[in-house]
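First comes the structure, then the notes that go with it.
Excluded from the calculations below are hydrogen atoms, water molecules and symmetry mates; all remaining heavy atoms, backbone and side chain alike, are included. We count residues from 1, following the sequence as given.
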Amino acid sequence: MHRLLLVEDDTELSELLTDALRDEGYEVDQAPDGQRGLHLGLTRPYDVMVIDRLLPALDGLDLLARLRSRAVPARALMLTALGTVGDRIAGLDAGADDYLAKPFDLDELSARLRALCRRTPDTAEVLRVGSGLLDLAMRDVVLADGGRVALSSREFELLRVLAARPATVHPRDQLRSRVFDEAAAASIVDTYVYYLRRKLGRGVVRTVHGLGYRLGTL
């Protein structure tokens, strides 16, 4: 069963989609505005999100950008009544994986969601790290020569967050809140980056000066 977050302010459409998606086996949480969507997206794990472009309290683009800045890896499909090329580009640039203009066919929405769920990093058994793999079941790294490198729980979680969104630059504060105790100093991220580099080589995590860290390569 895939967990799905639906952020839609049109009550009638939200209920229609929720019923249809639950019939297809999704576990659906509803949010009527962007603020509630942000709260759910940051506090619960989802495989896929369906987000309306025009939302009260917090616009869909801003919502998605904030979720991506906090390294939330769930795939996102954006719904919109704005169907211009510029609007689609804005949605994709904010972190959407797909874009569907209203009105839409339910069968097409279902097909697009199935495709996104097949691509969801958290449902995979491994994540690519350069020439190696992060084994999510064994919680260690498989090197290109077949050797394995054990990771501590925090080393694993930090590398998993980076590998789930390899093209994303993750600010230190957001990595701290995602992986470590909120009370910890942001420097704890630097410490665990050092540990990963000591075990896997300096290239495994890239420093983006003034911004944060992103996945490197082995």
Side-chain angles (χ1 to χ4, degrees), residues 1-123 161 164-165 167-171 173-179 182 212:
M1 179 180 290
H2 293 292
R3 296 195 63 180
L4 184 148
L5 173 61
L6 174 62
V7 190
E8 170 60 63
D9 64 318
D10 183 324
T11 303
E12 185 175 351
L13 177 59
S14 181
E15 292 298 331
L16 173 66
L17 292 178
T18 297
D19 290 344
L21 292 169
R22 285 175 176 164
D23 285 345
E24 293 194 17
Y26 292 93
E27 182 179 341
V28 181
D29 287 340
Q30 295 173 280
D33 58 57
Q35 288 288 3
R36 178 61 178 167
L38 181 64
H39 173 74
L40 290 175
L42 292 176
T43 58
R44 301 182 186 180
Y46 293 100
D47 299 299
V48 64
M49 304 178 290
V50 178
I51 299 174
D52 188 34
R53 169 68 173 80
L54 300 176
L55 291 168
L58 186 65
D59 177 78
L61 291 183
D62 193 14
L63 164 61
L64 187 52
R66 293 191 191 193
L67 292 173
R68 293 303 188 222
S69 74
R70 295 291 294 272
V72 172
R75 298 294 183 182
L77 184 149
M78 184 159 283
L79 300 177
T80 183
L82 307 173
T84 69
V85 172
D87 291 318
R88 291 196 296 272
I89 291 172
L92 295 171
D93 284 346
D97 298 283
D98 201 356
Y99 209 89
L100 190 58
K102 297 177 179 179
F104 54 84
D105 185 89
L106 274 175
D107 289 338
E108 181 180 3
L109 174 65
S110 297
R112 288 175 182 252
L113 290 176
R114 288 194 297 272
L116 290 180
C117 285
R118 287 195 294 269
R119 294 164 50 196
T120 301
D122 285 347
T123 65
V161 169
R165 287 276 169 183
T168 298
V169 177
H170 304 268
D173 280 343
Q174 289 157 5
L175 285 172
R176 178 192 61 179
S177 64
R178 180 106 176 141
V179 178
E182 286 278 6

query: Side chains of Arg66 and Leu42: does their closest heavy-atom pair fall under 4.5 Å?
result: no

query: Hey, are the side chains of Lys102 and Thr80 touching, using non-hydrogen atoms and a 4.5 Å cut-off?
result: no

message: Any salt bridge linking Arg68 with Asp97? Criterion: basic side-chain nitrogen under 4.0 Å from a carboxylate oxygen.
response: yes

- prompt: How about Leu67 and Met49: do any of their side-chain heavy atoms sit closer than 4.5 Å?
  reply: yes

query: Hey, are the side chains of Glu24 and Ser110 touching, using non-hydrogen atoms and a 4.5 Å cut-off?
result: yes

message: Just verifying a value: how many Å separate Leu100 CG and Arg53 CZ, rounded to the nearest 0.5 Å?
response: 15.0 Å

task: Taking Asp52 for its side chain and Leu55 for its backbone only, find out whether a donor-acceptor pair lies under 3.5 Å.
output: no

message: Minimum heavy-atom separation for Ala76 and Gly95, please, with both atom names.
response: CB-O, 4.5 Å

message: Working to the nearest 0.5 angstrom, can you tell me the gap between Leu6 CG and Tyr46 OH?
response: 10.5 Å

Residue pair Leu113, Leu21: steps toward the side chain to side chain contact (heavy atoms under 4.5 Å, CB included) verdict: CA-CA 10 Å; Leu113 290 176; Leu21 292 169; 3.6 Å; yes

query: Are Gln30 and Arg36 side-chain neighbours, meaning at least one heavy-atom pair lies under 4.5 Å?
result: no

- prompt: Roughly how far, to the nearest 0.5 Å, is the CD atom of Glu27 from the CG atom of Asp47?
  reply: 9.5 Å

message: Would Val7 and Leu63 count as a side chain to side chain contact (heavy atoms under 4.5 Å, CB included) here? Give the steps.
response: CA-CA 10 Å; Val7 190; Leu63 164 61; 4.0 Å; yes

- prompt: Heavy-atom distance under 4.5 Å between the side chains of Leu116 and Asp98, does that happen here?
  reply: yes

task: Would you confirm whether Arg112, through its side chain, and Leu77, through its main-chain N or O, come within 3.5 Å as a donor-acceptor pair?
output: no

task: Nearest 0.5 Å please: distance from the OG1 atom of Thr11 over to the CG atom of Leu16.
output: 12.5 Å

field: Reported CZ-to-CG distance for the pair Arg22 and Leu4, which is rounded to 0.5 angstrom
entry: 10.0 Å

message: With rounding to the nearest 0.5 angstrom, report the CG to CD1 distance, Leu61 to Ile51.
response: 9.5 Å

query: Would a 4.5 Å heavy-atom cut-off, applied to side chains only, mark Asp59 and Leu54 as touching?
result: yes

- prompt: Can you find a pair of side-chain heavy atoms, one from Glu8 and one from Pro32, that are under 4.5 Å apart?
  reply: no

message: Any side-chain to backbone donor/acceptor pair from Ser14 onto Asp10? Under 3.5 Å, distance only.
response: no

